[in-house]
Amino acid sequence: MQQAHTYKSLTQIVLEHLREQIYEGKRKPGAKLNIADIAKEFEISHLPVREALRNLEAEGLIEIHHNRGAVVKMLTPEDVREIFLIRAPLEETAAAEATQRWRARAELGGLERILQQMDKKTNTPEWYRLHHNFHNEVLQLANLPRIKKLIEVYRGQMRAYVKLYLSSPPMLAMTQSEHYEMLECMVNRDADGIRLIVREHLARPVREILKILQADAAQAQAPPPPKPARKRAVARSAREA
């Protein structure tokens with residue numbers, strides 16, 4: 001039997017590397033992506049880098065401007081709200097379908113094991129990987145490939161922002177608690193219940209992220225504080241004395 005070999009083009013390698021850096025917040029919103037620097041890093045020509053950047057643009061992770069080049073997309077409050085309005089019904093539907101479609105209890109055992117591993121890896125890079133795996137397993141059980149693809153795109157656009165939200169221990173604990181509630185609904189085939197949990201699971205991070213973005217916007221628009229008046233006369237008198 002021949003073994004299958006996984007081949008990745010240079011474009012795929014660069015694409016996956018840059019995508020993961022954006023997801024992890026290593027390339028922050030507003031950061032520039034210099035084609036020459038990336039090509040030098042991988043010791044390749046500019047062409048596969050350009051193709052990778054076009055893919056990232058299609059995924060909504062970067063913006064390409066004629067005058068500024070490629071930059072990591074910075075979401076506005078309006079962007080975040082719109083993404084939520086798209087994601088919520090899709091993720092609710094996928095979770096409800098997964099709740100109704102699983103056949104063997106062993107299929108849910110995988111979800112339970114992931115959550116147990118997450119309990120031991122709280123606030124570590126491994127926790128975020130397991131978090132992604134948990135939600136991906138739910139999508140797999142739903143068996144809705146078109147919806148899964150859409151969810152992955154919009155999830156990706158929010159990854160760095162959600163990670164910021166999850167950096168708060170109380171918010172991370174609440175998130176994990178909701179994961180267990182989702183699993184319980186799946187065990188009981190409670191499709192209506194899981195819809196409600198998933199909506200709040202998405203809504204709470206959005207509310208917190210909107211607060212952060214709105215505060216940042218207000219701070220950026222605020223006029224700079226006035227400079228203290230220079231007391232030239234007093235200084236002159238001091239010198240003369």
Completion exercise
Hits for side-chain hydrogen bond (donor to acceptor under 3.5 Å, both in side chains) against Gln176, two or more places apart or cross-chain, chain-then-number order -> Asp119, His179
Completion exercise
In terms of heavy-atom contacts, Met118 and Trp127 come closest through O-CD1, 3.1 Å
Exercise for the section: Go through the structure and list residues passing salt bridge (Lys or Arg N to Asp or Glu O under 4.0 Å) with Glu16, not counting sequence neighbours. Expected result: Lys8
Handout entry: Which atom of Gly193 lies closest to which atom of Asp190, heavy atoms considered
Key = N-OD1, 2.8 Å
Practice task
Show the numbers, then the answer: is there a side-chain contact (heavy atoms from CB on, under 4.5 Å) between Glu82 and Ile86?
Solution key: CA-CA 6 Å; Glu82 183 180 12; Ile86 296 170; 4.2 Å; yes
Handout entry: Under the salt bridge (Lys or Arg N to Asp or Glu O under 4.0 Å) test, residues paired with Arg19 that sit two or more places apart
Key = Glu59
Practice task
Would you name the heavy atoms of His46 and Ala39 that are closest together and state the gap between them?
Solution key: CD2-CB, 3.6 Å
Handout entry: Backbone N/O of Leu75 and side chain of Tyr161: donor-acceptor pair under 3.5 Å
Key = yes
Practice task
Could you check His201 against His135 for side-chain contact (heavy atoms from CB on, under 4.5 Å), going step by step and ending with a plain yes or no?
Solution key: CA-CA 12 Å; His201 193 67; His135 285 286; 3.4 Å; yes
Exercise for the section: Any chance you could pull the hydrophobic cluster mates of Leu164, using side-chain heavy atoms under 4.5 angstrom and chaining through other members? Expected result: Ile212
Completion exercise
Value for OG1 (Thr175) from CZ (Phe134), rounded to nearest 0.5 Å, stands at 11.5 Å
Exercise for the section: May I ask you to list the residues sharing a hydrophobic cluster with Met174, side-chain cutoff 4.5 Å, ordered by chain and number? Expected result: none
Problem - His131 and Ile114, any side-chain heavy atoms less than 4.5 Å apart - result: no
Practice task
Dump the intermediate steps for side-chain contact (heavy atoms from CB on, under 4.5 Å) on Lys121 and Thr124, then the final yes or no.
Solution key: CA-CA 6 Å; Lys121 303 288 185 179; Thr124 66; 3.5 Å; yes
Problem - Reported CG-to-CE distance for the pair Leu115 and Met182, which is rounded to 0.5 angstrom - result: 9.0 Å
Exercise for the section: Check the pair Arg87 / Met158 against side-chain contact (heavy atoms from CB on, under 4.5 Å), numbers first and verdict last. Expected result: CA-CA 10 Å; Arg87 280 183 68 190; Met158 289 293 297; 4.0 Å; yes
Problem - Donor-acceptor contact below 3.5 Å, side chain Arg199 vs main chain Ala88 - result: no
Problem - Sub-4.5 Å side-chain heavy-atom contact between Leu172 and Thr122 - result: yes
Fill in the blank from the handout: Here the pair of heavy atoms bringing Leu90 nearest to Leu150 is CD1-CB, 4.1 Å
Fill in the blank from the handout: Tightest non-hydrogen contact, residues Val138 and Ala95, listed as CG1-CA, 4.1 Å
Problem - Same apolar cluster (I L V M F W Y, side chains within < 4.5 Å links), Phe84/Leu196 - result: no
Problem - Heavy-atom donor-acceptor pair, Lys120 side chain to Gln117 backbone, under 3.5 Å - result: no
Exercise for the section: Treat each ILVMFWY residue as a node, draw an edge where side-chain heavy atoms are under 4.5 Å apart, and state whether Val153 and Val198 are in one component. Expected result: no
Fill in the blank from the handout: CE (Met74) and CG (Leu213) are apart, to the nearest 0.5 Å, by 9.5 Å
Practice task
Show which residues join Ile22 in its hydrophobic cluster (side-chain heavy-atom contacts under 4.5 Å, direct or indirect), or state none.
Solution key: Leu10, Ile13, Val14, Leu15, Leu18, Tyr23, Leu33, Ile35, Ile38, Phe42, Ile44, Val49, Leu53, Leu56, Leu61, Ile62, Ile64, Val72
Practice task
Any salt bridge (charged side-chain N to carboxylate O under 4.0 Å, His left out) involving residues 148-164? Give me the pairs, sequence neighbours left out, ordered by first then second residue.
Solution key: Glu24-Lys163, Glu91-Arg155, Lys148-Glu152
Handout entry: Inter- and intrachain pairs under salt bridge (charged side-chain N to carboxylate O under 4.0 Å, His left out), touching residues 69-79, at least two apart
Key = Glu63-Lys73
Practice task
Could you name each residue pair satisfying salt bridge (charged side-chain N to carboxylate O under 4.0 Å, His left out) that touches residues 172-185, not counting sequence neighbours?
Solution key: Glu178-Arg204
Problem - For Glu51, side-chain hydrogen bond (donor to acceptor under 3.5 Å, both in side chains) partners two or more places apart - result: Thr11
Fill in the blank from the handout: Those residues at least two apart in sequence (or on a different chain) that pass side-chain hydrogen bond (donor to acceptor under 3.5 Å, both in side chains) with Glu41 are His17
Problem - Under 3.5 Å donor-acceptor, Arg101 side chain and Leu141 backbone - result: no
Exercise for the section: Inspect the surroundings of OH in Tyr180 and state if more than 12 heavy atoms from other residues, nucleotides or ligands are less than 6.0 Å away. Expected result: yes
Practice task
Take atom CZ of Arg81 as the centre, draw a 6.0 Å sphere, and report whether it contains more than 12 heavy atoms from other residues, nucleotides or ligands.
Solution key: no
Problem - Which atom of Ala94 lies closest to which atom of Ile147, heavy atoms considered - result: CB-CG2, 4.4 Å
Practice task
Please confirm whether the backbone N or O of Leu108 pairs with a side-chain atom of Trp102, one donor and one acceptor, at under 3.5 Å?
Solution key: no
Fill in the blank from the handout: CG of Leu202 to CD1 of Ile197, rounded to nearest 0.5 Å, is 12.0 Å
Practice task
Please confirm whether the backbone N or O of Gln100 pairs with a side-chain atom of Arg189, one donor and one acceptor, at under 3.5 Å?
Solution key: yes
Handout entry: Set of residues satisfying side-chain hydrogen bond (donor to acceptor under 3.5 Å, both in side chains) with respect to Gln157, sequence neighbours excluded
Key = none
Problem - From CD (Glu137) to NE2 (His132), nearest 0.5 Å - result: 10.0 Å
Practice task
Give, for atom CZ of Arg105 and atom CE of Met186, the distance between the pair rounded to the nearest 0.5 Å.
Solution key: 10.0 Å
